Amino acid sequence: MAARRGDNPLDTYLLRVFCLLVTERSVSRTAFKMNQSQPAISAALRRLRDIIGDPLLVREKGGMVPTERAIGLLAHAKGALAEIDCMVNAPDSFDPQVSRSEFHIGAPDYLAPVFIGGLVERMRREAPGARLNLHSLDASFDFERSLAEGDLDMVIGNWPEPPDRMHLSVLLEDQIVCLVAATHPLARKGLTMDDYVRARHVVPMPYSINQRGVIDATLSALRIQRDESVAVQSFSAAPYLLQNTDLIFTTSRHFAEFYCRLLPLAILEAPLEFPPMRFYQLWHERNRHSPSHRWLRRLLTECGNQLASTEPLAQPDS
């Protein structure tokens, strides 16, 4: 039987158990993540069922699945926890040197590895006790909802038209170039428009279902069709596929330069004028005034500025 309306039986512990149970769909995994015993989580689930008047999780052939009621309540529970955390835990100031805060950043894997490396280096120096969680983005990831519900603190991306419902700032503008094997015939000759159209290309699978990337959008506007011979789920796999082949990969300069230092590859200037690839940091209103979040935004901005100021890798002689 559901609890009476005036009892106010829900507390933050039960809210956190509820959110994890619906997300993890497992009593044992929830117990592990909360550092609790399985009997304690099972008891909390029984209390939640009694309070809400719904099974919340039911057994199916493949395991436990949340009910429709549980899924509908999840966003409200996460929002309530976020508001409580802001009231109780948000200090007037933030001292990174002693902080044990946990930050969650979502980013696509075509962001230059040297950018993430710089971020980790600065964070270890300025906030040695903090924890950084990097989440990969793909076409099925609802990053706006994750920001609103507090699962992510920040998202980094390069949308041609950034979402207008969030706060954002530019981190980096990057030139678009072409990456080929060092032994590719065009590595010394240079790349013409005819060469580009006739060539075989490695292309990434889209990470956004709503928007084309700047490369595809530009080619489409110019009615240029590439021979897309190989499509890859992961950007970081593409440079390895160029070795000893005639393939071309069109990407950002800092991404290309990172892999040129690791593999026998060469960077060629693109034969057409692509707009710059512009990377943004995106955050929700709920984090706008948080001292720790302002510190994180400053750290990311400094990483972008540092990367923008690095000298380009020398090009092969023509």
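All residue numbers in this chain count up from 1 along the given sequence. What you see is a predicted model, and the numbers here were worked out from it, not measured in a lab.
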Student: Any donor-acceptor pair under 3.5 Å linking the side chain of Gln97 with the backbone of Glu126?
Tutor: yes
Student: For residues Ala77 and Cys19, report the shortest heavy-atom separation together with the two atoms involved.
Tutor: CB-SG, 3.6 Å
Student: Can a donor-acceptor pair be found, under 3.5 Å and without considering hydrogens, that links the side chain of His293 to the backbone of Arg288?
Tutor: no
Student: Run the side-chain donor-acceptor check on residues 190-199: report pairs under 3.5 Å with partners two or more places apart or on a different chain.
Tutor:
unit_1	atom_1	unit_2	atom_2	d
Thr192	OG1	Asp195	N	3.1
Thr192	OG1	Asp195	OD2	2.9
Asp195	OD1	Arg198	NH2	3.1
Asp195	OD2	Lys189	NZ	2.7
Asp195	OD2	Thr192	N	3.1
Tyr196	OH	Thr250	OG1	2.8

Student: Between Arg49 and Asp54 (salt bridge meaning N to carboxylate O under 4.0 Å), is one present in this structure?
Tutor: no
Student: Please enumerate all residues that pass salt bridge (charged side-chain N to carboxylate O under 4.0 Å, His left out) together with Arg25, with sequence neighbours excluded.
Tutor: none
Student: So Trp295 and Phe103, would you call those rings parallel, tilted or perpendicular, with 30° and 60° as cut-offs?
Tutor: tilted
Student: So does Leu186 get a backbone contact from the side chain of His184, meaning a donor-acceptor N/O pair under 3.5 Å?
Tutor: yes
Student: Under the salt bridge (Lys or Arg N to Asp or Glu O under 4.0 Å) definition, can you give me all pairs with a residue in residues 171-183, not counting sequence neighbours?
Tutor: Glu173-Arg278
Student: Checking one residue: Val58. Which other hydrophobic residues are in its cluster under the side-chain 4.5 Å linking rule?
Tutor: Val65
Student: What heavy-atom pair brings Leu242 and Leu179 nearest, and what distance separates the two atoms?
Tutor: CD1-O, 3.4 Å
Student: Could you tell me if Gln243 and Thr183 have a donor-acceptor pair between their side chains, going purely by distance under 3.5 Å?
Tutor: no
Student: Once salt bridge (Lys or Arg N to Asp or Glu O under 4.0 Å) is applied, what residue pairs with a partner in residues 127-136 remain, sequence neighbours excluded?
Tutor: Glu102-Arg131
Student: Arg125: which residues meet the salt bridge (charged side-chain N to carboxylate O under 4.0 Å, His left out) condition with it, sequence neighbours left out?
Tutor: Glu121
Student: Under a 4.0 Å N-O cut-off, is there an ion pair linking Asp153 with Arg297?
Tutor: no
Student: Identify the two heavy atoms, one from Tyr13 and one from Ala40, that lie closest to each other, and give their separation to 0.1 Å.
Tutor: OH-O, 4.1 Å
Student: Measure centre to centre between the rings of His135 and His104, then say whether the value is under 6.0 Å.
Tutor: yes
Student: Any sub-3.5 Å donor-acceptor pair from Asp142's side-chain atoms to Arg145's backbone N or O?
Tutor: yes
Student: Looking at side-chain heavy atoms only, is the closest gap between Gln175 and Pro276 below 4.5 Å?
Tutor: no
Student: Determine yes or no for a side-chain-to-main-chain donor-acceptor pair under 3.5 angstrom, with Ser290 supplying the side chain and Arg286 the backbone.
Tutor: no
